[in-house]
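Report on the following structure.
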Amino acid sequence: MMKRYIEQAEQLFMPTYSRFPVVLDRGKGVYLYDVDGNKYLDFGAGIAVFALGYSNKEYNDALKLQIDKLLHTSNLYYNLPAIEAAEKFTKASGMDQVFFTNSGTEAIEGAIKLARKYYYKKYGIANSQIISMDHSFHGRSMGALSVTGTKKYREAFEPLIGGVVFAEYNNLQSVKELIQENTCAILMEPVQGEGGIHPATQEFMEGVRRLCDQHDMLLIFDEIQCGMGRTGEMFAYQKFGVTPDIMTSAKALGCGLPVGAFAARDEVASAFEPGDHGTTYGGNPFVTAAVSQVFDLFESEQILDHVNQISPYLSEKLEEIVQKYKCIKEHRGIGLMQGLEFNIPVKEIIANCLNKGLILISAGSNMIRFVPPLIIEKEHVDEMITILEEVLNDIGQD
Ligand SMILES: *Cc1c(COP(=O)(O)O)cnc(C)c1O
């Protein structure tokens, strides 16, 4: 059955992905099921999206209610779910004002535009420069791609937006060397995701904040992957006690609905005037009802406490695996955003895990990334480890 669907899909979709050969059909908790009824333990969560797991009843009920009430209004009017979501988002992030988008990429676009507009308004300088980081990932649109630190993603699409330079992550000196008179912002992920699960060091986080204060640059944190509870704080920067001027969110923000956000301090946000930015769908009542419900469920289900309880167990188990297998180089990560770096490509390992009912995702060719739903329990960690070890033993890696 699946084979026929997959053949059909390959005819119909543009060839931008090499997909794994499963057709997923439904989900419950931390498990997914394909159209043939096979069950998978999901340690990918739709790329760090389904924080609350699949088919959360309260979440689904809230959306069903909103469907029957009002799906969309445009941003020419106000709507209650958006106001509630904005209230909860600003409270959780410590920012003053927010703009809801349809994706993480668009949140980055908005953040870049806001930084440039702020600088333009304050100093009358266009052409301002942004410092981003090597191996960062911020999205695939022309703007977001321009600040994405992987050359191979950018190369074919040049010229991108100008005025972007790349520093070495966790190397403050390399950031310092790139600062110019017209540098308006430093953009970085507090924990790099796609680039291979690299957490920032405390010194680096504090250091970039200091540089931004000294040189009147804006600090932009991309919390699209590492935010929304994944590190055990609502946003990863809170773990470091370092506050940005602008921040972005998406992925788990909607827990399955396409919604992102960028938010800023008052003084920065007020650089925007009517007409500077907009979106038709962004922040519509359907997606913001989801955002609002997600924040409520984080509280009622004490998700942050749970992440802090369960994540040391995942770390411990991954550390054990590193000790056991020579093909694994290192374990990195914070909270439920962890990774194993291998000395070999991980594609085959991931494919074999899938065959045994475990969904894992990579982050670069040699890295397996563990970004499960935030509701996982010890038994799920054990189940994952058992399958992973089976696969490693099978392929004769030690
Ligand atoms: C996924 C991701 C993006 C892009 O978000 P989309 O919703 O895919 O547009 C940007 N930044 C980071 C850190 C991400 O992980």
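When a ligand or atom number is given, it counts from 1 through the structure's own listing order.
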ask   = Would H135 and Y169 satisfy ring-ring contact (aromatic ring centres under 6.0 Å, His included), going step by step from the backbone distance to the final call?
value = CA-CA 8 Å; H135 308 296; Y169 194 69; 9.2 Å; no
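Relative to the six-membered ring of Y31, K39 meets both conditions, a distance below 6.0 Å and an angle of at most 45° to the axis.
Remark: ligand 1 and G139 share no N or O pair separated by less than 3.5 Å (distance only, no angle test). Below 3.5 Å of separation, one finds no N or O of E189 facing any N or O of ligand 1.
Judged by distance alone, with hydrogens and angles left aside, the side-chain atoms of T183 form no donor-acceptor pair with the main-chain N or O of I179 at under 3.5 Å.
Heavy-atom contacts of Q225 reach the following atoms of ligand 1: 15 (O) (cutoff under 4.0 Å). Here is the list of ligand 1 atoms found below 4.0 Å of a heavy atom in G104: 5 (O), 6 (P), 7 (O), 9 (O).
Of the protein's non-hydrogen atoms, the one nearest atom 14 (C) of ligand 1 is K251 NZ, 2.9 Å. Looking only at protein heavy atoms, the nearest one to atom 9 (O) of ligand 1 is T105 OG1, 2.5 Å. Atom 11 (N) of ligand 1 has as its closest protein heavy atom D222 OD2, 2.7 Å.
A salt bridge is absent between D42 and K28: the closest approach of a Lys/Arg side-chain nitrogen to an acidic carboxylate oxygen does not fall below 4.0 angstrom.
A donor and an acceptor atom, one from each side chain of N60 and Y54, are nowhere located under 3.5 Å apart. Side chains of R209 and Q214: a donor-acceptor N/O pair is absent below 3.5 angstrom, by distance only.
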